[in-house]
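No hydrogens, no waters, no symmetry mates; every other heavy atom, side chains included, goes into these values. Below, chains carry the letters A, B, ... as their sequence lines are ordered, and counting in each starts from 1.
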Amino acid sequence: MEALESGTAADVLGLAAAERAERLAALRHQRTLLRDLRDRLDSVARLAASLGRATGWRSPAQGRYAERRDDLLRDLSRAERQLDIALAAVEQAITTTTEED
Amino acid sequence: MSGEPPQGDALIVSGGGTTMVATDQILADAAIMQAVSAEAGEWHEQLLRIRLAEPTPAPTWHGDSAGLEVMQLARLIDVIGEQSRVLSAALQRAAEEYGEAERRVEFLARISAAGLASALGYLAPFLALLAVPSLTAGAVAWFLASLATGSGFGFGETSGRLARWIDENPRMLTNPVVVAAVRALVSAGDDAAAGAFRIPPGLSLALGDDAAGIFGVTTTAAGLVAVARTTGALRETAVGARRVGTGPRSPPPAGVADLARRIPSSARAGPQIRIERYGDASRRAWVVYVGGTADWSLVPGGDPWDMTSNAAAIAEQSAGSYRAVVEAMHEAGVQPADPVIGVGHSQGGLIMAQVAGSDEFNTVGLATFGAPAGQVVIPDAVPVIATEHADDLVPALGGARQDNTGDAGRHVVVTREAFSDTEPPAGEALPAHNMSAYRETARLIDASPEPRLREFRAELEATLGAEPGQTTLWRASRLPAG
């Protein structure tokens, strides 16, 4: 009976370790994908930074374009921040999972 | 963030396989927006892969779960993709409409000028002034020659007063409206001739530059040359070119500004042609620079860079300066298959455009500055940057530009008003035509983010490589008859 119990505990422990390893692998893969996306977003944000900025007098149409262009630049910045938060969350999950070992 | 340039620094870009016409910044913005939109689609797919890799099931997500952030990010990227797509489309539409409006205005100006010219030509027997069909272009050319030489117009005190008035009102000739009017009038010279022969205006238009291309600026100029030759003016002669110097090995031109800087000045007695050779014997590439008109007199002297060559070149006859450039290229060792980049100011640009249009050499790129080369037919596949100041009269003397809005077209016209926010200097007949003004525009072209202008610079580097090349300088002269 004792042997059976100890076998079950070992099995459970082994299963948990396997799950953690699998989870860790998934998290690391997710981190790689997120970093790749971050790099691509960065390079587009740099490109978008060269969009023309009007100074002085502008026609109403130019004004509307400038507003929407600024909205786009803001959204790109937000996406970068959001991606940083997602990356930090994945990093934290990796740390927690590693510590559980 | 780059600031939008002040108005005087704005470049208007047209042609190059599109009907769009806009400032280089607008066209660059449209390209960037398109790139952002395309990237956003790919980010979406990447996010899908990230979500599939999520090890935690959604019901267990809490406030700082990566899964939640990724979901929100997906929504934001959708918005970015849609915003950039809409903005790119709006910019392209604006550029299309700008181009359409410009073409309509040019066409209307052309029709109006053609109608007027035709009517005047019809009345030619009663209007001695218009008895010569090519008077329009001829009058403008004569007028410019008189201004350049300071010889007046040959009509005594009246012309002297006119010259003084123009001197005191430099805006008169350095004016985009005047330039557009001259371009329309020059293009309508053939319609005056058609009117004189009782050809209806509609038919003359159908035969002209805008349609069949049977009549046009070329025929007008040919008429002018034929008439002028009866008076001893504009008579072509034999020419000869000889090497007058070898420059130090110089690095390849890095951009349009370098090309502009290396064009020989049109000073008398100096070299008119500069030829640079790059690469080794197995893979040679050449840059040929040709200067502008040096001698503005109507009767040929010793320098083939004169009004005789100008008129012959516009008439698509064998201009002395053209023959001199071809001779210098052969003497320098340019082989028919070697890649050649042609560069020229004013008459030099016209000559190099004609070299590009001929099959004698393998022109793979062309940069002209203030060249009256609008009517020269150059293969669509040859990348061209034609820089023309909107307030420079000289390019207008070449008439309306050949249409290059087809898919394969790679001829880009860059326009800038050289004196939009400053007064033209007094005492200079055509300051917007000066190479110093074009050098400034060339610098702006190099700084421009417009994709086709950047591509031209990249092709320059790809053709010439990075190693220094050998420079030779050439001087051509008209040879005495016999």
| Straight-line distance of A/Gln82 CD to B/Leu68 CG, nearest 0.5 Å | 10.0 Å
| request: Output the distance between atom CD (B/Glu69) and atom CG (A/Asp84), rounded to the nearest 0.5 Å. | output: 10.5 Å
| task | Can you establish whether the number of heavy atoms outside A/Arg38 located under 6.0 Å from its atom CZ is more than 12? | result | yes
| field | Rounded distance (nearest 0.5 Å) linking atom CG of A/Leu41 with atom CD1 of B/Ile80 | value | 6.5 Å
| Which heavy atom in A/Ala26 sits nearest to a heavy atom in B/Pro55, and how many Å separate them? | CB-CB, 3.9 Å
| message | Rounded to the nearest 0.5 Å, what separates atom CG in B/Leu47 from atom CG in A/Leu34? | response | 8.0 Å
| Which distance, rounded to the nearest 0.5 Å, do you find between the CG of A/Leu37 and the CZ of B/Arg49? | 9.5 Å
| message | Is it the case that over 12 heavy atoms from other parts of the model lie below 6.0 angstrom from the CD atom of B/Glu455? | response | yes
| Shortest non-hydrogen contact from A/Val44 to B/Glu39? | CG2-CG, 3.4 Å
| remark: Applying salt bridge (Lys or Arg N to Asp or Glu O under 4.0 Å) to A/Arg68 and not counting sequence neighbours gives none
| Nearest non-hydrogen partners of A/Ala48 and B/Ile32, listed with the distance | CA-CG2, 4.0 Å
| request: Please check if atom CD in A/Glu91 has more than 12 non-hydrogen atoms from other residues, nucleotides or ligands closer than 6.0 Å. | output: yes
| task | May I ask you to check whether A/Asp71 and B/Gln83 show a side-chain donor-acceptor distance below 3.5 Å? | result | no
| request: Answer with side chain, backbone, both or neither: which region of A/Leu87 has an atom nearer than 4.5 Å to a non-hydrogen atom of chain B? | output: neither
| field | Shortest non-hydrogen contact from B/Leu73 toward A/Ala79 | value | CD1-O, 3.4 Å
| Closest contact, heavy atoms only, B/Ala35 versus A/Leu47 | CB-CD2, 4.0 Å
| remark: Scanning both residues in full, the closest heavy-atom pair of A/Tyr65 with B/Leu87 reads CD1-CD2, 3.7 Å
| note | Here the gap from A/Arg74 atom CZ to B/Leu76 atom CG, rounded to the nearest 0.5 Å, amounts to 12.5 Å
| message | Please rank A/Arg23, A/Arg40, A/Arg31 by heavy-atom pairs under 4.5 Å with chain B and give me the top one. | response | A/Arg40
| Listed partners of B/Arg454 passing salt bridge (Lys or Arg N to Asp or Glu O under 4.0 Å), at least two apart | none
